[in-house]
Amino acid sequence: MKDIRVRFAPSPTGPLHIGGARSALFNFLLARKYGGSVILRIEDTDLERSSRESEKDIMDSLRWLGLSWDEGPDIGGPYGPYRQMERLDIYKKYVEKLFEKGYAYHCYCTEEELEQQRQELLAKGEMPRYTGVCYGLSEEERRKREEEGRKPVVRFRVPQDRIIEINDLVRGKVSFESSGIGDFIIVKSDGVPTYNFAVVVDDHEMGITHVIRAEEHLSNTPRQVLLYEALGLTPPEFAHISLILGKDRSKMSKRHGATSINQYRREGYLPEAMVNFLALLGWSPEGEEEVFSVDQLIERFSMDRVAKSPAVFDLEKLRWLNGVYIRNSDLERIAGLALPYLQEAGYASENPGPEEWERIKNVVEAVREYLGALSEITEHVRIFFETQFDFEDEKAAAVLREEQVPAVMEALKSKLAGVDSLDKEGAKKLLKEVSKEVKLKGRKVFMPIRVALTGMTHGPELHDIIPLLGAEEVIRRVEASMAKVRE
RNA sequence: GGCCCGUUGGUCAAGUGGUUAAGACACCGGCCUUUCACGCCGGUAACAGGGGUUCGAAUCCCCUACGGGUCACCA
């Protein structure tokens with residue numbers, strides 16, 4: 001079998017979108033699975049909206065996700081250049097070919113004229129499409145229009161009464177009639193090719209074997225197939241994957257929340273969670289397992305397990321999956337990723353020294369099981385950093401009014417007196433001693449301590465909290481809380 | 001509107017003519033635990049509707065409904 005070559009071809013008109021990332025992922029998985037190549041091609045022919053900033057953002061996001069490419073604008077490759085605006089001379093040759101074969105012609109219609117034609121067709125109840133009024137214009141007519149200062153576009157002459165059949169890897173056979181397609185523009189009046197044309201030239205020139213892209217391109221495919229035929233070329237395999245929808249089942253957009261990869265990155269989602277989640281959106285593994293590393297995904301991925309139907313983006317499931325990775329990843333790494341959020345909240349210094357770093361790691365370890373995203377950490381670590389706090393609710397305050405509480409607190413304070421450092425094990429032991437001393441156990445002794453120290457009836461393990469606060473602060477909080485409850 | 005694609009629990013989804021219609025998230029309940037969470041165990045919940053074909057349809061065909069895509073000098 002010929003080596004697989006896939007491409008991811010974003011237009012740099014904004015940050016990398018969730019859907020674009022998933023297309024890139026599927027291409028990546030297929031290529032890596034079969035030892036093929038991934039080509040990154042920048043489709044920047046929309047001069048108005050394309051920007052180098054977007055291009056950079058897209059590449060950053062792809063790298064962050066771990067979706068590498070083998071050829072691209074940054075690293076070059078044997079089929080370059082990899083930005084369409086740098087390939088204009090290549091397209092020119094193909095346009096010439098089309099002219100020679102009689103498949104291309106100049107069109108001088110203005111926007112107003114086109115709009116008028118459209119209205120007329122609509123009025124007749126016909127489908128609005130370009131009917132080829134400029135086809136077969138004589139030299140003289142053309143010269144006349146040029147003299148008027150009109151800049152022509154190049155249109156492709158669509159053969160009539162053709163049935164175009166596509167064998168889509170995810171949808172099976174799909175057929176279209178060419179009569180539903182008007183003569184479309186392949187070169188704009190400024191000499192820049194349009195998408196449908198450039199994509200054909202580039203996919204061919206770059207030796208692309210499989211085109212995996214979003215479903216919105218399905219109805220463009222017959223145009224491209226016609227172009228391949230006119231040029232005497234063989235089309236690649238196509239696979240059109242379904243769209244990603246928002247909660248209300250319409251196409252994912254800003255109002256559904258974050259749509260770009262970098263937003264999720266900023267909110268503290270881990271790249272492996274994003275990749276894992278995106279893979280599950282439209283593809284399903286064979287077994288019952290759903291948590292997979294990229295390598296496992298590569299091993300298991302296959303196009304025939306890609307779903308046809310669109311999928312709603314389920315943030316809850318992403319949060320769960322992200323939580324799985326937060327809990328299971330190396331603490332050093334998670335703490336490092338959580339640090340910016342702690343710094344922003346004023347809980348960590350700009351450059352933590354070894355001692356502070358140690359404390360931060362312990363804090364992160366104590367609360368990581370609560371997190372769906374790293375940014376949520378600030379809500380859970382307040383108890384370690386805010387020395388002033390109120391009781392969460394009346395229920396919490398009431399705990400401290402129970403009759404055994406004074407004895408518990410006295411025992412705790414006396415055990416703590418003179419202790420200058422204690423670790424988790426020390427704290428466990430100390431709590432046990434307190435329990436023994438007051439001859440009570442369970443929530444009778446531990447809940448009051450928890451409330452006295454944090455103001456809340458829930459939270460991390462007491463033996464994690466106490467070492468982090470230190471004996472002195474524990475005593476201080478106990479006294480402050482007891483004073484408060486006596487008021 | 002024409003053309004194209006799609007429709008299994010709230011969500012992601014398995015399923016390719018005969019299954020008690022998987023699994024995951026969410027939800028509910030229980031266990032674990034000094035609390036919450038984590039973890040473990042269990043539960044509620046689905047084949048859009050109507051016609052066919054067939055001994056038998058979630059699976060095949062047709063129609064309807066609904067959702068989406070596309071019909072740009074955007075990709």
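Side chains are part of it too, since the values below use all heavy atoms of this structure and drop only hydrogens, waters and symmetry mates. Chain A is the first sequence line, chain B the second, and so forth, proteins listed ahead of strands; every chain is numbered from 1.
Rounded to the nearest Å, the gap between the P atom of B/C62 and that of B/C25 is 38 Å. Rounded to whole Å, the C1' atom of B/U20 lies 16 Å from the corresponding atom of B/G43. When the C1' atom is compared between B/U7 and B/G15, the two are found 15 Å apart, to the nearest whole Å. Here the separation of B/G10 from B/A22, taken at their P atoms, is 16 Å to the nearest Å. One P atom belongs to B/U35, the other to B/G30, and the distance between them is 14 Å to the nearest Å. Spacing between B/C66 and B/G52 at atom C1', rounded to whole Å, works out to 22 Å. To the nearest whole angstrom, the two P atoms, one in B/C3 and one in B/U64, are 11 Å apart. Rounded to whole Å, the separation between the P atoms of B/U59 and B/C47 comes to 12 Å.
Listed candidates were B/C73, B/G69, B/G39. Nearest to the side chain of A/Glu216 is B/G69. The listed nucleotides are B/U35, B/C36, B/C73; the one nearest the side chain of A/Lys188 is B/C73. Side chain of A/Glu43, nearest nucleotide from B/C36, B/C74, B/A75: B/A75. For A/Arg450, the side-chain atoms get nearest to B/U34 when compared with the rest of B/U34, B/A75, B/C73. For A/Glu369, taking side-chain heavy atoms from C-beta onward, the closest of the listed nucleotides B/C38, B/A75, B/C71 is B/C38. Picking from B/A72, B/C74, B/C25 the nucleotide with the shortest atom distance to the side chain of A/Arg49 gives B/C74.
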Using a cut-off of 4.0 Å between protein heavy atoms and nucleotide atoms, how would you tag nucleotides 4-17 of chain B 5' to 3' with B, S and -? SBSS---BBSSS--
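Nucleotide B/C55: paired with B/G18 (Watson-Crick or G-U wobble, both distances less than 3.5 Å). When Watson-Crick and G-U wobble pairs are counted only if both distances are under 3.5 Å, B/A13 pairs with no nucleotide at all. Nucleotide B/C40 is matched to B/G30 when pairs are restricted to Watson-Crick or G-U wobble geometry with both distances under 3.5 angstrom. Summarising the base pairing, B/G67 is matched to B/C5 through a Watson-Crick or G-U wobble pair whose two defining distances lie under 3.5 Å.
Between A/Glu177 and A/Arg223, the one whose closest nucleotide on RNA chain B sits nearer the 5' end is A/Glu177. Taking the nucleotide of RNA chain B with the nearest heavy atom to each of A/Gln84 and A/Leu462, the more 5' of the two is matched to A/Leu462.
Across every non-hydrogen atom of A/Leu169 and A/Ala239, the tightest pair is CB-CB, 3.8 Å.
The number of heavy atoms from other shown groups lying within 6.0 Å of CD (A/Gln160) is above 12.
Within 4.0 Å (heavy atoms only), A/Asp168 reaches no atom of the nucleic acid at all. A/Gly442 comes within contact range of the sugar-phosphate backbone alone, with a heavy-atom separation under 4.0 Å but no base atom that close. Within 4.0 Å (heavy atoms only), A/His17 reaches no atom of the nucleic acid at all. Looking at heavy-atom distances under 4.0 Å, A/Pro10 makes no contact with the nucleic acid at all. At a threshold of 4.0 angstrom between heavy atoms, the contacts of A/His240 with the nucleic acid are absent. At the heavy-atom level, A/Thr45 lies under 4.0 Å from the strands shown only through sugar-phosphate atoms.
Under 4.0 Å is where a charged nitrogen must lie from a carboxylate oxygen, and between A/Glu148 and A/Arg145 no such pair does. A salt bridge links A/Glu55 with A/Arg52: at least one charged nitrogen is closer than 4.0 Å to a carboxylate oxygen. Comment: A/Lys424 does not engage A/Glu365 in a salt bridge, judged by the lack of any side-chain N to carboxylate O separation of less than 4.0 angstrom. The residues A/Arg213 and A/Glu43 are annotated as not salt-bridged, no charged nitrogen and carboxylate oxygen being separated by less than 4.0 angstrom. Taking the charged nitrogens against the carboxylate oxygens, A/Glu433 and A/Lys436 have no contact shorter than 4.0 Å, which rules out a salt bridge.
One finds the CG atom of A/Asp390 at 11.5 Å from the CG atom of A/Asp393 (value rounded to the nearest 0.5 Å).
For the pair A/Trp320 CH2 and B/A37 C1', the computed distance is 16 Å after rounding to whole Å. Whole-Å rounding puts the A/Gln224 CD to B/A75 P distance at 12 Å. For the pair A/Asn220 CG and B/C3 P, the computed distance is 18 Å after rounding to whole Å. Summarising the geometry, the separation between CD on A/Glu461 and P on B/A37 is reported as 13 Å, rounded to the nearest angstrom. Rounded to whole angstrom, the span from the NE2 atom of A/His380 across to the P atom of B/C38 amounts to 10 Å.
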Quick one, A/Arg41 with A/Asp203, criterion side chain to side chain contact (heavy atoms under 4.5 Å, CB included). Give me CA distance, side-chain angles, the key distance, then yes/no. CA-CA 10 Å; A/Arg41 184 174 72 223; A/Asp203 284 342; 2.9 Å; yes
